[in-house]
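Read through the structure below, which is laid out as structure tokens, and then see the notes.
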Amino acid sequence: MRAKDIREKGGDEPVTMLTAYDAPTAELVDSAGVDMILVGDSIGNLRLGYESTLPVTVDEIESATAAVARVTQDAMVIADMPFLSFGADEDDAIEHCGRMLKDADADAVKLESGPHTVELTRRLTQIGVPVQAHLGLTPQRENETGLFRQGTDEGDAREIVDLAERHEDAGAFSLVLEHVPANLGATVTEAIDIPTIGIGAGPECDGQVLTVDEVIGLSEDVAPFSKSFGDVRGEMREAIDSYTTAVESGEFPAEKHSHYEEDVDELY
Ligand code: KIV
């Protein structure tokens with residue numbers, strides 16, 4: 001799927017987006033018909049053992065994106081640009097985003113957005129790097145804003161609507177809106193033509209995104225606006241316990257898991 005398809009999809013049936021950080025998960029997400037796969041910087045706290053997304057590197061996102069892109073047939077693959085890989089120096093940002101498309105085979109990048117990403121979005125779009133914007137709660141700014149709901153007073157809400165319009169004008173092909181009041185989600189969706197993809201932004205957005213770890217029930221913690229649709233953590237725990245018990249009891253490996261060769265019978 002290309003940026004153009006996503007842009008045109010808003011308004012029809014809801015757009016679906018999920019994160020994935022590895023090939024087997026991406027294969028399942030893609031074959032389920034999900035429109036966009038985000039290689040989120042949430043890989044930091046969900047898979048890499050960091051306490052936040054801030055330490056995630058360009059190399060880590062590039063390597064995960066390449067794994068996801070290798071097996072994805074239909075969905076758009078979006079690389080989530082890590083903290084400080086963009087927003088300071090334009091040439092560096094272009095190089096980092098370019099690596100995602102040239103070396104990791106992503107179809108687009110996502111930038112946690114603000115006033116500082118409007119012109120960068122315009123430049124990247126002009127040179128052929130599709131940009132998904134991200135407003136509301138932007139976890140890379142957690143040291144400044146905390147990880148709280150955003151757009152809860154009139155001034156902040158107006159700023160989010162204004163930035164959404166400016167990023168649309170700059171060429172963003174869609175906009176993630178995270179953890180804002182549902183009525184603000186509806187207002188932004190009304191104000192712009194590109195699809196809004198909500199995460200804790202209410203049902204009026206053009207689409208929804210969650211982290212796959214929450215959806216499958218792998219995460220220990222689930223955000224209040226998120227939902228688990230499975231219990232992979234419980235299943236993994238059960239399988240690992242069963243394996244340990246089987247090895248300790250001598251039940252595994254059984255005859256059928258072993259093979260014998262006459263030639264190596266009497267070596268000692
Ligand atoms: O990194 C991430 O997973 C995200 C989504 C939750 C939007 O940015």
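Atoms within each ligand, like the ligands themselves, are counted from 1 in listed order.
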Checklist line | Arg237 bridged to Asp241 by N-O distance under 4.0 Å | finding: no

Margin query: Under 4.0 Å from a heavy atom of Lys110: which atoms of ligand 1 are those, numbered in the order shown and with their elements?
Written below: 8 (O)

Check: Taking His259 as the fixed residue, which of His257, Glu261, Glu255, Lys256 is the one that meets the side-chain contact (heavy atoms from CB on, under 4.5 Å) rule?
Finding: Glu261

Next item on the list: Using a strict cut-off of less than 4.0 Å between a Lys/Arg side-chain nitrogen and an Asp/Glu carboxylate oxygen, indicate whether Asp169 and Arg122 qualify as a salt bridge.
Entry: yes

Next item on the list: For Ile199, counting its heavy atoms only, list the atoms of ligand 1 lying under 4.0 Å from any of them.
Entry: 6 (C)

Item checked: ligand 1 atoms in contact with Asp80 (distance to a heavy atom under 4.0 Å) -> 1 (O), 2 (C), 8 (O)

Checklist line | Heavy-atom gap Glu112 to ligand 1 smaller than 4.0 Å | finding: no

Check: For ligand 1, is Met17 a contact, meaning one of its heavy atoms is under 4.0 Å away?
Finding: no

Margin query: Tell me whether Arg123 at atom CZ has more than 12 heavy atoms from other residues, nucleotides or ligands lying less than 6.0 Å away.
Written below: no

Item checked: Arg70/Asp105 salt bridge by N-O under 4.0 Å criterion -> no

Check: Should the pair Glu220-Arg233 be classified as a salt bridge under the 4.0 Å nitrogen-to-oxygen rule?
Finding: yes

Item checked: Per-atom contacts, ligand 1 versus Gly40 - under 4.0 Å to a heavy atom -> 1 (O), 2 (C), 3 (O)

Notebook entry, point to check: Are Arg99 and Val58 close enough that some pair of their side-chain heavy atoms sits under 4.5 Å apart?
Noted result: yes

Check: Can you list the atoms of ligand 1 that are under 4.0 Å from a heavy atom of Leu38?
Finding: 2 (C), 4 (C), 5 (C), 7 (C), 8 (O)

Note to self: Using a 3.5 Å cut-off on N or O atoms only, is Tyr21 in polar contact with ligand 1?
What the structure shows: no

Notebook entry, point to check: Considering only the protein, which heavy-atom contact is closest to atom 2 (C) of ligand 1, and what is its distance?
Noted result: Ser42 OG, 3.2 Å

Margin query: Within the 4.0 Å heavy-atom shell around Thr19, which atoms of ligand 1 are there?
Written below: 3 (O)

